[in-house]
Amino acid sequence: MHLRDALRAGLKRLLEHDVASAHLAAELLLMHALHQDRSFLHMHPDQDLPAEQFDRYMELIDERCTGKPTQYITGHQEFWGLDFEVTPAVLIPRPETEHIIEAVLDLIKREGRSKQNPFRIADVGTGSGCIPIALAKELPAAQLYATDISADALAVATRNARRLGTAGQIKFIECDLLSCLLTPEFLGTFDFVVSNPPYVGHDELADVQREVRVFEPRLAWGDLAQGEEIYARLFPQVQQLLKSGGSVVVEIGYDKKDPVLSLLDEGWQEREVRPDLAGIPRVITARKTG
Ligand code: GLN
């Protein structure tokens with residue numbers, strides 16, 4: 001069988017099972033089965049595929065047809081141009097979360113500060129570690145503290161930081177929100193606190209697609225009654241950690257702009273809402289007054 005025919009067979013089965021982005025999944029899984037990159041698939045469509053490899057490929061396709069996200073099958077997801085290991089212990093990094101990185105870089109630029117400054121930054125609920133690792137790459141002198149309540153997630157994040165050469169800049173800590181950093185040594189010393197917290201409320205469960213609901217860790221995407229409680233717990237802790245003039249940068253759910261903004265009232269200024277590429281309010285930033 002030729003590579004092209006295998007791809008066609010994989011695609012057909014994915015489409016029969018209504019898998020979203022079936023073309024992309026068919027290619028990614030074939031790349032994974034063959035340990036090859038995309039250009040190889042495109043340059044050698046007539047390459048013969050041994051039956052054993054074809055069978056292996058179709059096994060991966062069947063796994064995807066159960067609803068398991070492609071990234072948990074291949075073990076990889078790209079974020080900010082970097083390759084991250086992902087396992088079912090972590091949320092799969094989303095492209096819209098890159099707006100958090102952009103927002104931090106914009107705020108630094110706007111203040112006229114150099115990217116070489118030794119910024120002190122905390123990331124709350126780090127999951128795969130995608131946010132602090134991307135920030136460490138952009139801000140080479142920054143010291144980052146990344147927390148997560150899940151030890152399994154932190155193990156993945158630690159491996160990612162090592163593999164991507166940023167382990168020396170990031171301290172990973174197992175704790176709830178920022179509780180482990182609320183000590184005299186840290187209070188009032190942070191330039192930024194960032195977070196993409198779990199924000200899907202119970203009332204929205206019905207809208208959550210199967211891939212997320214069944215396969216991604218509930219602890220990472222939503223566990224809360226309304227979805228905004230986590231911000232209500234988080235912001236007072238952020239206030240304690242930030243320097244005056246320091247900024248909070250958080251991702252929000254598609255309808256969370258007003259409830260989250262209303263939590264950033266007293267003690268905050270320059271509140272801004274940034275839309276994602278689909279025009280949905282996605283990232284909120286605010287500066288601590290002082
Ligand atoms: N910070 C990680 C991400 O943005 C994990 C977020 C989470 O688990 N809620 O992908």
Side-chain angles (χ1 to χ4, degrees), residues 69-72 75-105 121-138 142 144-161 164 166 169-178 192-201 204-205 208-209 211-224 226-234 237-238 248-254 256 260 274 276-277 280 282-285:
T70 306
Q71 295 91 330
Y72 288 152
H76 293 271
Q77 172 62 32
E78 186 251 280
F79 180 86
W80 202 254
L82 304 165
D83 174 48
F84 284 86
E85 174 196 340
V86 292
T87 75
V90 301
L91 192 82
I92 298 166
R94 306 296 205 265
E96 55 269 28
T97 302
E98 294 186 350
H99 291 295
I100 291 186
I101 315 297
E102 280 171 10
V104 171
L105 298 179
I121 305 175
D123 174 39
V124 180
T126 201
S128 62
C130 59
I131 296 175
I133 291 170
L135 287 173
K137 286 283 186 190
E138 293 291 334
L144 293 120
Y145 298 83
T147 72
D148 206 290
I149 204 164
S150 156
D152 291 340
L154 288 171
V156 175
T158 304
R159 286 201 293 276
N160 277 322
L164 292 164
T166 55
Q169 274 176 270
I170 311 172
K171 199 165 161 50
F172 291 102
I173 315 168
E174 184 183 339
C175 78
D176 179 39
L177 301 182
L178 292 163
F192 294 97
V193 177
V194 303
S195 183
N196 172 25
Y199 53 64
V200 178
E204 297 163 316
L205 277 181
V208 176
Q209 65 181 136
E211 275 75 359
V212 179
R213 194 166 24 85
V214 180
F215 293 92
E216 297 200 66
R218 173 85 182 261
L219 197 60
W221 55 262
D223 216 15
L224 308 151
Q226 300 293 330
E228 59 262 17
E229 283 89 334
I230 196 147
Y231 302 93
R233 283 206 299 128
L234 178 62
Q237 297 188 0
V238 177
V248 66
V249 178
V250 289
E251 183 169 324
I252 57 165
Y254 73 98
K256 293 293 182 315
V260 175
R274 293 163 175 258
D276 63 19
L277 297 176
I280 299 168
R282 185 57 72 185
V283 167
I284 290 186
T285 66

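Both ligands and their constituent atoms are indexed starting at 1 by order of listing.
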Should you measure from each heavy atom of Ala220, which atoms of ligand 1 turn up under 4.0 Å away?
7 (C), 8 (O), 9 (N)
Starting at CG of Asp123, measure out to CD1 of Ile100 and round the result to the nearest 0.5 Å.
7.5 Å
Going by the atom numbers of ligand 1, which of them fall below 4.0 Å from some non-hydrogen atom of Thr97?
4 (O)
Of Ile149, Val194, Asn196, the one whose closest heavy atom lies nearest atom 7 (C) of ligand 1 is Asn196
Using a strict 4.0 Å cut-off to heavy atoms of Ile131, name the atoms of ligand 1 that fall inside it.
1 (N), 4 (O)
Find all atoms of ligand 1 within a distance of less than 4.0 Å from any non-hydrogen atom belonging to Thr126, and give their numbers and elements.
1 (N), 2 (C), 5 (C)
Is there a donor-acceptor pair closer than 3.5 Å between any side-chain N or O of Arg274 and the backbone N or O of Val283?
no
Test side chain to side chain contact (heavy atoms under 4.5 Å, CB included), reference Thr126, set Leu91, Leu144, Leu154, output is Leu154
So is Cys130 touching ligand 1 or not, going by heavy atoms under 4.0 Å?
yes
Which ligand 1 atoms does Gly125 reach within 4.0 Å, using its non-hydrogen atoms?
1 (N), 2 (C), 5 (C), 6 (C), 7 (C)
Phe79: which of Asn160, Ile101, Ile92, Ile133 passes side chain to side chain contact (heavy atoms under 4.5 Å, CB included):
Ile101
Checking heavy atoms under 4.0 Å, the part of Ile92 that sits near ligand 1 is neither
Sequence-distant partners of Glu102, side chain to side chain donor-acceptor pair (under 3.5 Å), two or more places apart:
His99
Is a side-chain N or O of Asp148 found less than 3.5 angstrom from the main chain of Gly127, in a donor-acceptor match?
yes
